[in-house]
Colleague: 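This is the structure I have questions about; it appears just below.
Hydrogens, waters and symmetry mates are skipped; everything else that's a heavy atom, side chains included, is used.
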Amino acid sequence: MNLMWRYTMKYKKLVVLNFVFVFGFILIELGLPTLLAQLINKGLMFNDFGVVTYYGKWMLVISVIGLIGLIGLAYTVSLITTRLVRDIRNDIFEKVQSFSHKEYNEFGVSSLVTRTTNDAFQIMVFMQMVLRVGMMTPLMFVSSFIMIIRTSPSLSYVVLIAVPFLIGIVYFIGKNSAPLSNKQQTNLDDINLNLRENLTGLRVIRAFVKEKFQESRFYQVNDNYMNVSKKLFKLMALAMPTFSIIFNVIFVVVIWLGAIEINNGDLQVGSLVAFIEYIFHALFSFMMFANIFTMYPRAAVSARRIEEILNTLPSITENENGVTETETHGYLTFEDVTFAYPGNTEEPVIENVSFTVRPGETAAFIGSTGSGKSSLIQLIPRFYDVTKGRILVDGVDVRDYKLSALRQKIGYIPQKALLFTGTITDNMRYGKWNADNKEVEEASDISQSKDFILKKPNQFDEFLSEGGSNMSGGQKQRLSIARAIIKKPDIYIFDDSFSALDYQTDAKLRARLKMETKNAAVLIVAQRVGTIMHADNIIVLNKGVVVAQGTHAELLKKSDVYYDIASSQLSKEELE
């Protein structure tokens with residue numbers, strides 16, 4: 001509840017205005033039965049049409065004021081809750097942006113999406129109820145009860161006897177709905193995860209004719225969500241009929257006892273009508289408050305899940321007082337670096353790695369699958385932090401940099417080329433927002449993208465669909481490379497970024513890159529020897545350990561691991 005009120009109270013003026021509308025509405029709702037009682041007792045009972053007209057006009061005026069109050073209440077509630085959910089989602093998104101890969105792995109992408117969308121929505125719905133009726137119902141109940149006692153103390157005991165039963169029902173529903181709400185949200189995470197996997201892996205699923213298998217998997221998680229939801233909704237559905245039974249019993253008893261008192265001359269007809277109205281307002285207020293109480297566990301689960309994100313401290317944080325400028329540019333040094341993924345400290349994926357790359361030099365990494373190549377280069381932009389040793393960029397430990405300044409020095413081309421929804425130009429300017437058209441064209445020319453871009457109907461304004469799915473693998477890789485080139489960083493990192501290119505395009509691209517990166521350090525992770533054989537230093541990794549490093553010619557002679565890889569890809573003439 002703290003999280004919900006913390007965001008709500010950002011708009012104190014609107015909350016105060018909301019309370020004014022609530023208080024005015026209560027006065028009007030309780031004023032109408034009071035005037036009605038006077039109209040009956042003083043007007044209808046004595047056939048005095050003037051009195052009836054007098055009180056009738058006042059009732060009409062109060063009804064109009066009440067309508068205005070309701071409209072004002074609806075407006076303030078909508079304004080507060082829509083701003084509230086906006087603020088929550090903005091804060092979640094900002095927090096998630098600061099997470100390292102460790103936090104992403106802990107929460108899971110599907111769960112983060114659910115928390116940002118569905119959980120935030122649940123809080124909005126709950127706060128709408130709280131602001132609309134949550135403030136109203138306690139005041140309405142107390143005010144109505146006071147009027148009940150004033151109108152007929154003897155009949156008020158009927159309501160008092162029913163209150164403990166109502167409280168017991170609310171407590172039972174609230175207590176049992178909390179664990180079900182938690183399960184429901186967890187199952188919704190599973191649905192999002194399954195759906196996300198199915199959509200991203202659609203081609204593989206179809207290629208292996210596994211549509212029925214995927215359907216059965218989805219049906220299972222969907223059925224789990226349905227079963228938990230059925231239990232939750234059945235439990236919450238008990239409230240309405242149970243309350244209705246109790247309310248009807250109270251009304252019957254009150255009318256019966258009231259008729260006896262009227263017959264005895266202890267109560268007037270108008271007072272009994274007003275008394276019934278007061279009871280209705282009191283019990284209806286209690287029922288509405290009960291609805292809020294039964295909704296609370298679900299909202300509390302959502303709030304807790306959101307707070308887990310907001311309270312999580314990123315393992316890699318921005319060093320606000322860190323280094324932003326250096327005298328040298330394009331120097332990279334690994335000093336006895338060891339790294340283990342968080343939670344697996346006893347099994348390092350990289351162990352005691354040391355090397356140096358200077359401006360204009362190219363260092364390449366090769367090794368079998370799982371040898372630690374991609375893990376190694378992800379330590380440079382601090383996607384993860386080293387376990388032991390240190391990494392120096394331009395003579396400064398990467399942990400001593402301001403994080404944004406460090407990453408500004410690096411042009412990173414990931415293993416899986418990812419493009420964003422928008423035009424080709426927008427994607428290329430992702431590396432440099434203020435790049436002019438000349439820079440965009442130059443980067444596309446260097447990356448061997450210009451030819452296929454000019455063949456597109458809209459050329460550089462061609463719109464890319466989600467993830468660049470309307471581009472081939474090779475085209476996406478070249479655009480990713482262009483995005484890094486336009487940035488003109490001090491260090492280029494190519495994480496197997498040439499794998500989808502044919503040999504001719506690969507050779508042309510590397511030749512142009514050699515000229516473009518003469519003042520920068522270049523790191524290439526590759527599976528193809530042909531891509532890295534001209535590198536100044538080739539580092540051979542095996543199970544996270546550097547087993548050899550040197551030029552292509554040197555490694556053919558001194559490294560059995562490298563020779564085995566090269567011999568599987570190159571002809572005998574190329575090996576000699």
Colleague: Please report the closest heavy-atom contact between Asn434 and Glu439, naming both atoms and the distance.
Modeller: O-OE1, 4.2 Å
Colleague: What I want to check is whether the side chains of Tyr341 and Asn105 have a donor and an acceptor closer together than 3.5 Å.
Modeller: no
Colleague: Under the rule for side-chain contact (heavy atoms from CB on, under 4.5 Å), what residues qualify as partners of Ser404, not counting sequence neighbours?
Modeller: Glu318, Lys402
Colleague: Evaluate salt bridge (Lys or Arg N to Asp or Glu O under 4.0 Å) for Asp397 paired with Arg399, printing each intermediate quantity in order.
Modeller: CA-CA 5 Å; Asp397 192 315; Arg399 291 167 291 191; 3.0 Å; yes
Colleague: Tell me whether Glu94 contacts the main-chain N or O of Asn90 through its side chain, where contact means a donor paired with an acceptor under 3.5 Å.
Modeller: no
Colleague: Decide side chain to side chain donor-acceptor pair (under 3.5 Å) for Ser100 and Glu103; before the verdict, give the C-alpha distance in whole Å, the side-chain angles of both, and the deciding distance to 0.1 Å.
Modeller: CA-CA 6 Å; Ser100 70; Glu103 285 77 46; 2.5 Å; yes
Colleague: Of all the heavy-atom pairs spanning Arg478 and Ser449, show the shortest one and how long it is.
Modeller: CB-OG, 3.3 Å
Colleague: Say whether, by atom type as modelled, one donor and one acceptor occur between the side chain of Arg512 and the main chain of Ser447 under 3.5 angstrom.
Modeller: no
Colleague: Looking only at atom types and distance, does a side-chain atom of Asp445 sit under 3.5 Å from a main-chain N or O of Glu441, one as donor and one as acceptor?
Modeller: no
Colleague: Can you sort out the partners of Lys231 under salt bridge (charged side-chain N to carboxylate O under 4.0 Å, His left out), two or more places apart, ordered by chain and number?
Modeller: none
Colleague: Taking only residues at least two apart or on different chains, which pairs with a member in residues 376-390 satisfy salt bridge (charged side-chain N to carboxylate O under 4.0 Å, His left out)?
Modeller: Glu335-Arg390, Arg382-Asp385
Colleague: Using the rule given for salt bridge (Lys or Arg N to Asp or Glu O under 4.0 Å), can you reason through Arg305 versus Asp189, listing the C-alpha separation, both sets of side-chain angles and the distance that settles it, and then say yes or no?
Modeller: CA-CA 11 Å; Arg305 283 159 55 88; Asp189 287 346; 2.9 Å; yes
Colleague: Between Tyr503 and Arg528, is any pair of side-chain heavy atoms under 4.5 Å apart?
Modeller: yes
Colleague: Tell me, with the steps shown, if Val547 and Asp560 meet side-chain contact (heavy atoms from CB on, under 4.5 Å).
Modeller: CA-CA 10 Å; Val547 294; Asp560 293 337; over 6 Å; no
Colleague: Apply the test salt bridge (Lys or Arg N to Asp or Glu O under 4.0 Å) to residues Asp506 and Arg510: give CA-CA distance (whole Å), side-chain angles for both, the deciding distance (0.1 Å), then the verdict.
Modeller: CA-CA 6 Å; Asp506 187 351; Arg510 283 187 289 106; 2.8 Å; yes
Colleague: Classify the ring geometry of Phe99 against Tyr104: parallel below 30°, tilted from 30° to 60°, perpendicular beyond 60°.
Modeller: perpendicular
Colleague: Please round to the nearest 0.5 Å and tell me the distance separating atom CD1 of Ile391 and atom CG of Leu379.
Modeller: 4.5 Å
Colleague: Looking at every non-hydrogen atom in both residues, tell me the closest pair between Val398 and Ile380 and how far apart they are.
Modeller: CG1-O, 3.8 Å
Colleague: Taking only distance into account, with no hydrogens and no angle test, what donor-acceptor pairs under 3.5 Å do side-chain atoms of residues 416-424 form with protein atoms, sequence neighbours excluded?
Modeller:
residue: Thr423; atom: OG1; partner: Asp426; partner atom: N; Å: 3.1
residue: Thr423; atom: OG1; partner: Asp426; partner atom: OD1; Å: 3.4
residue: Thr423; atom: OG1; partner: Asp426; partner atom: OD2; Å: 3.0

Colleague: Looking at Thr387 and Ala340, would you say the former's side chain and the latter's main chain have a donor-acceptor pair under 3.5 Å?
Modeller: yes
Colleague: Taking Lys409 for its side chain and Gly330 for its backbone only, find out whether a donor-acceptor pair lies under 3.5 Å.
Modeller: no
Colleague: Kindly determine whether Arg86 and Thr82 satisfy side chain to side chain donor-acceptor pair (under 3.5 Å), including the steps that lead there.
Modeller: CA-CA 6 Å; Arg86 176 201 64 188; Thr82 50; over 6 Å; no
Colleague: Would you call Phe339 and Val349 a side-chain contact if the rule is heavy atoms closer than 4.5 Å?
Modeller: yes
Colleague: How many angstroms lie between atom CD of Gln549 and atom OG of Ser559, to the nearest 0.5 angstrom?
Modeller: 11.0 Å
Colleague: Does the side chain of Asp496 come under 3.5 Å of the side chain of Ser374 through a donor N or O and an acceptor N or O?
Modeller: no
Colleague: Would you compute the distance between atom CG of Leu310 and atom CD of Glu307 and round it to the nearest 0.5 angstrom?
Modeller: 7.5 Å
Colleague: Does Gln475 offer a backbone N or O that forms a donor-acceptor pair with the side chain of Ser472 under 3.5 Å?
Modeller: yes
Colleague: Any non-hydrogen side-chain atom of Gln122 less than 4.5 Å from a side-chain atom of Phe126?
Modeller: no
Colleague: At what distance, to the nearest 0.5 angstrom, does CD1 of Ile88 lie from CD1 of Ile306?
Modeller: 5.0 Å
Colleague: Decide side-chain contact (heavy atoms from CB on, under 4.5 Å) for Leu479 and Arg483; before the verdict, give the C-alpha distance in whole Å, the side-chain angles of both, and the deciding distance to 0.1 Å.
Modeller: CA-CA 6 Å; Leu479 288 176; Arg483 184 170 58 197; over 6 Å; no
Colleague: What distance do Phe460 atom CZ and Asn427 atom CG have between them, rounded to the nearest 0.5 Å?
Modeller: 12.5 Å
Colleague: Would you say NZ of Lys183 has more than 12 non-hydrogen atoms from neighbouring residues, nucleotides or ligands within 6.0 angstrom?
Modeller: no
Colleague: State whether the side chain of Asn222 and the backbone N or O of Phe218 hold a donor-acceptor pair below 3.5 Å, judged by distance alone.
Modeller: no
Colleague: Give a yes-or-no answer on whether the side chains of Gln184 and Ser229 include a donor-acceptor pair shorter than 3.5 Å.
Modeller: yes
Colleague: Less than 4.5 Å apart, side chain to side chain, heavy atoms only: is that true for Lys456 and Phe463?
Modeller: no
Colleague: Are any side-chain N or O atoms of Asp394 and backbone N or O atoms of Tyr331, one a donor and one an acceptor, separated by less than 3.5 Å?
Modeller: yes
Colleague: Are Ile377 and Tyr412 packed together at the side-chain level, in the sense that at least one heavy-atom pair is separated by less than 4.5 angstrom?
Modeller: yes
Colleague: Would you please name every residue forming a side-chain contact (heavy atoms from CB on, under 4.5 Å) with Gln504, sequence neighbours left out?
Modeller: Asp502, Lys508
Colleague: Taking all atoms of both residues into account, what is the closest heavy-atom pair of Lys102 and Glu106, and its distance?
Modeller: NZ-OE2, 2.8 Å
Colleague: Around atom OH of Tyr11, are there more than 12 heavy atoms from other residues, nucleotides or ligands closer than 6.0 Å?
Modeller: yes
Colleague: Quick one: does any side-chain atom of Ser497 pair with a main-chain N or O of Asp495 as donor and acceptor, under 3.5 Å?
Modeller: yes
Colleague: Any idea which heavy atoms bring Ile410 and Pro381 closest together, and the distance?
Modeller: CD1-CA, 3.7 Å
Colleague: May I ask you to decide if the ring planes of Phe494 and Tyr492 are parallel, tilted or perpendicular, using 30° and 60° as cut-offs?
Modeller: parallel
Colleague: Quick one, Leu513 and Val522 - any side-chain contact, counting heavy atoms below 4.5 Å?
Modeller: no
Colleague: Give a yes or no on whether the backbone of Thr116 and the side-chain of Arg89 come within a donor-acceptor separation of less than 3.5 Å.
Modeller: yes
Colleague: For a quick test of reading the model, state the closest non-hydrogen atom pair linking Pro314 to Lys95 and the distance between them.
Modeller: CD-NZ, 4.0 Å
Colleague: Flag the pair Leu3 / Tyr7 as yes when at least one side-chain heavy-atom distance between them is below 4.5 Å, and no otherwise.
Modeller: yes
Colleague: Taking atom CG of Asn321 as the centre, report whether more than 12 heavy atoms of other residues, nucleotides or ligands fall under 6.0 Å from it.
Modeller: no
Colleague: Which value, rounded to the nearest 0.5 Å, describes the distance between Thr114 atom OG1 and Asn192 atom CG?
Modeller: 3.5 Å
Colleague: Evaluate the side-chain proximity of Asn519 to His329: yes if any heavy-atom separation is below 4.5 Å, no if none is.
Modeller: no
Colleague: Is the number of heavy atoms from other residues, nucleotides or ligands within 6.0 Å of CD (Glu320) greater than 12?
Modeller: yes
Colleague: Let me check something: any side-chain donor-acceptor pairs from residues 350-366 under 3.5 Å, sequence neighbours excluded? List them with distances.
Modeller:
residue: Asn352; atom: OD1; partner: Thr338; partner atom: OG1; Å: 3.4
residue: Ser354; atom: OG; partner: Asp336; partner atom: N; Å: 2.7
residue: Glu361; atom: OE1; partner: Arg358; partner atom: N; Å: 3.1

